[in-house]
Amino acid sequence: MTESTAKITAETIRAMKGQAPVAALTVYDYAMAKLVDRCDVPLMLVGDSLGMVVLGFPDTTGVTMEDMLHHTRAAARAEPKALLAVDLPAGSYETPDSAVANARRLVDAGAEAVKAEGGLVIDEQVRAIVGAGIPFLGHLGMLPQQVKREGGYKIKGRQSDEAAALRGDANALVDAGAFAIVLELVEPAVSAELTAALPVPTIGIGSGPNCDGQILVTTDLWATSPDYIPKHVQPNEAVRTEMERAIMDWKEGMSN
Ligand code: KIV
């Protein structure tokens with residue numbers, strides 16, 4: 001842990017390209033945001049993964065704007081040095097107008113940037129969000145909000161048409177003004193190629209080591225995600241074990 005106090009902005013993250021690795025973690029409430037911020041992680045995401053690891057949904061598709069607003073307010077109360085980005089949930093950015101209106105609601109709740117899934121198909125929405133002065137974080141590759149349509153969490157970019165689509169999507173996001181792009185479950189050779197080609201940081205999750213940064217669902221790192229931990233994560237089992245031991249020790253030593 002360091003004593004750094006400077007506020008991180010979307011520009012800070014963009015400028016880290018080629019200078020320093022971008023570490024990013026999800027946070028879902030005040031306590032998590034305080035803890036992660038003490039570790040000087042420059043980018044925090046109130047991810048819609050909260051649907052699975054906090055709210056008990058089977059995937060992220062049932063997460064609502066109200067859910068995201070509630071957890072954004074909680075995380076924002078920590079007033080982190082980190083940039084606090086927040087997911088626009090499924091169905092909240094179908095049109096440029098709804099994308100901007102919902103992005104503004106998240107900003108009013110404390111978001112400093114918003115993320116949405118997709119490339120060319122949301123080009124107008126991204127342009128509208130950036131045009132409204134709201135920093136935008138892209139998300140390409142496996143798109144969890146499309147998991148039902150895609151039939152599972154599958155690696156993207158293995159086929160040449162998929163790799164070509166990823167290139168087109170990434171360039172569209174950069175042209176629309178994204179300050180960084182999350183690459184989820186992208187074939188490592190393709191994520192390495194995108195990282196070398198793009199002027200903004202790529203932030204990988206299950207996309208190999210050659211991205212400009214990495215993001216994880218924090219409860220996967222802690223091995224406390226209740227139902228499932230993806231294969232690409234090496235969880236720190238000691239965290240969950242210690243939490244369970246603390247509870248057992250307390251239970252056994254209870255005097256009243
Ligand atoms: O919702 C989420 O947690 C994400 C991941 C990329 C970390 O979008």
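As the structure lists them, so they are numbered: ligands from 1, and atoms in each ligand from 1.
Checked against side chain to side chain donor-acceptor pair (under 3.5 Å), T9 has the following partners two or more places apart in sequence or in another chain: T12. Taking A172 as the reference, L120, D123 meet the side-chain contact (heavy atoms from CB on, under 4.5 Å) condition, with sequence neighbours excluded. Legend: residues meeting side chain to side chain donor-acceptor pair (under 3.5 Å) with R167, ordered by chain and number and at least two apart, are E193.
A donor and an acceptor atom, one from each side chain of D220 and S225, are located under 3.5 Å apart. No hydrogens or angles considered: nothing links the side chains of T95 and D97 as a donor-acceptor pair under 3.5 Å.
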N/O contact list for ligand 1, threshold under 3.5 Å:
unit_1: ligand 1; atom_1: 1 (O); unit_2: D48; atom_2: N; d: 3.2
unit_1: ligand 1; atom_1: 1 (O); unit_2: D48; atom_2: OD1; d: 3.0
unit_1: ligand 1; atom_1: 1 (O); unit_2: S49; atom_2: N; d: 3.0
unit_1: ligand 1; atom_1: 1 (O); unit_2: S49; atom_2: OG; d: 3.3
unit_1: ligand 1; atom_1: 1 (O); unit_2: D87; atom_2: OD2; d: 3.1
unit_1: ligand 1; atom_1: 3 (O); unit_2: S49; atom_2: OG; d: 2.5
unit_1: ligand 1; atom_1: 8 (O); unit_2: K115; atom_2: NZ; d: 2.7

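Residues I203 and D212 fail the side-chain proximity criterion, which asks for heavy atoms closer than 4.5 Å.
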